Number of protein chains: 2
Amino acid sequence: MMYEKKIPKDLNCGMSITLEIIGGKWKPCLIDSIAKGIRRPGELHKNHPDATKRVLNLHLKELGDHGVITKIIYPVLPSKVEYFLTDFGKTLLPLISHMEQWGSEYMPVFNELQKKKLKHV
Amino acid sequence: MMYEKKIPKDLNCGMSITLEIIGGKWKPCLIDSIAKGIRRPGELHKNHPDATKRVLNLHLKELGDHGVITKIIYPVLPSKVEYFLTDFGKTLLPLISHMEQWGSEYMPVFNELQKKKLKHV
DNA sequence: AACTGTAGGGATAAAATTGTCCCTGCATGA
DNA sequence: TCATGCAGGGACAATTTTATCCCTACAGTT
């Protein structure tokens, strides 16, 4: 992150590693988009207009630090940048699609449940 | 959560639903433990001593609200409580084990990478 | 000269999450 | 009576994450 963490993370179980890497709000979306060939920062932002460029940059930085993506800066002006999944990053794709799929499948159940809760409040 | 959220969540993609349900720091551990038959609050706390009872309760509450677990309060004294996975909750198990597995597999890669980063800092 | 597109980031604020400390209530056993 | 085990939660603080606002730099175009 931007500053030094004060609470050490216990990265001794697999789950904590996984969530450390893809737990951010936009990270799975970014990985997915990059996998689909959307590589440039501007394009990524257009694809996720609810996220600010600021946050996307932070997340892209972390994905880079974690070895999930590579950043290529072309020495041209105006500047051009592209992100690519590393081989390591590609191993995440089945997992991400599993998570996406589970969520989609149970979205109706979940939303129905939330409606019921609201009635009781 | 404890108070009303101010930023509405866009739960329109599967991933956001999934992370909403299992994204909390201790939720996957709790689900895993409960699946393994560790059902009582005290036991769960002993299994995850780094989490406070307070936080575990909060997460258990949310898992209940999301329909992942059921809470059974036995009318005895001293009080006895047990949590069970719902059928819905059980559908999470393959996903959780997938996440756990991915993380375990790449833990060495990840930790190696973090060490390298530290040298450069 | 002013404006556009492209990429990036500082400063700060808001929101969300997690942690700390301490209290309740009840029954049992010492 | 006092301490212990069990379940739970209020009040508050610290930490982490995300959002808002505004700035830089550069080249080409109008």
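Because the structure is a prediction, the values reported are computed rather than measured. What's counted below: heavy atoms across the whole structure, side chains too, no hydrogens, waters or symmetry copies. So you know, we letter chains A, B, ... as the sequences are listed, proteins then strands, and number each from 1.
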Select one nucleotide: of [options], the one nearest the side-chain heavy atoms of [X].
X: A:R54; options: C:dT6, C:dG10, D:dG8; value: C:dG10
X: A:K25; options: D:dT18, D:dA11, D:dA7; value: D:dT18
X: B:V81; options: D:dT20, C:dG8, D:dA7; value: D:dA7

For [X], check side chain to side chain contact (heavy atoms under 4.5 Å, CB included) against everything at least two apart and list the hits.
X: B:S104; answer: B:E100
X: B:V81; answer: B:P41, B:K71, B:I73, B:Y83
X: A:S97; answer: none
X: B:T70; answer: B:T86

Between N or O atoms, less than 3.5 Å apart, protein on one side and nucleotides 28-30 of chain C on the other: list the pairs.
none

message = Could you work out how much the helix from C:dA1-D:dT30 to C:dA30-D:dT1 bends, comparing the axis of its first five pairs with that of its last five, to 10°?
response =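 Computed angle between terminal axes is 30°.
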request  = Rounded to the nearest angstrom, tell me the gap between atom NZ in B:K53 and atom P in C:dC23.
outcome  = 14 Å
task = Take atom CD of A:E62 and atom P of D:dT16, then tell me their distance rounded to the nearest Å.
result =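 It works out to 12 Å between those atoms.
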Interatomic distance, A:C29 atom SG to A:I34 atom CD1 [nearest 0.5 angstrom] =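 It comes to 11.0 Å.
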request  = Select from B:N57 and A:V55 the residue whose nearest nucleotide in DNA chain D is closer to the 5' end of that strand.
outcome  = B:N57
message = Filter on salt bridge (charged side-chain N to carboxylate O under 4.0 Å, His left out), then keep only pairs touching residues 30-39 of chain A, sequence neighbours left out; what's left?
response = A:D32-A:K36
task = With sequence neighbours left out, write down each residue that passes salt bridge (charged side-chain N to carboxylate O under 4.0 Å, His left out) with A:K61, or none if nothing qualifies.
result =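 A:K61: salt bridge (charged side-chain N to carboxylate O under 4.0 Å, His left out) contacts with A:D65.
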Qualifying residues under salt bridge (charged side-chain N to carboxylate O under 4.0 Å, His left out), relative to B:K80, sequence neighbours excluded =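 Listed in chain order: nothing, the list is empty.
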inquiry  = I'd like to check the ring pair (Phe, Tyr, Trp, His ring centres under 6.0 Å) partners of B:F84; sequence neighbours left out, ordered by chain and number.
reply    =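 Listed in chain order: nothing, the list is empty.
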Partners meeting ring pair (Phe, Tyr, Trp, His ring centres under 6.0 Å) with B:H98 (sequence neighbours left out) = A:H98
query = What does B:K71 touch in the nucleic acid at a heavy-atom separation under 4.0 angstrom: a base, only the sugar-phosphate, or nothing?
reply = sugar-phosphate
ask   = Is there a side-chain polar atom (N or O) of A:H59 under 4.0 Å from OP1 or OP2 of D:dT17?
value = no
query = What heavy-atom pair brings A:M99 and B:T18 nearest, and what distance separates the two atoms?
reply =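 Reported closest heavy-atom pair: O-OG1, 2.8 Å.
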Residues in contact with DNA chain D, drawn from residues 33-45 of chain A - heavy-atom cutoff 4.0 Å =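 Within residues 33-45 of chain A, no residue comes under 4.0 Å of DNA chain D.
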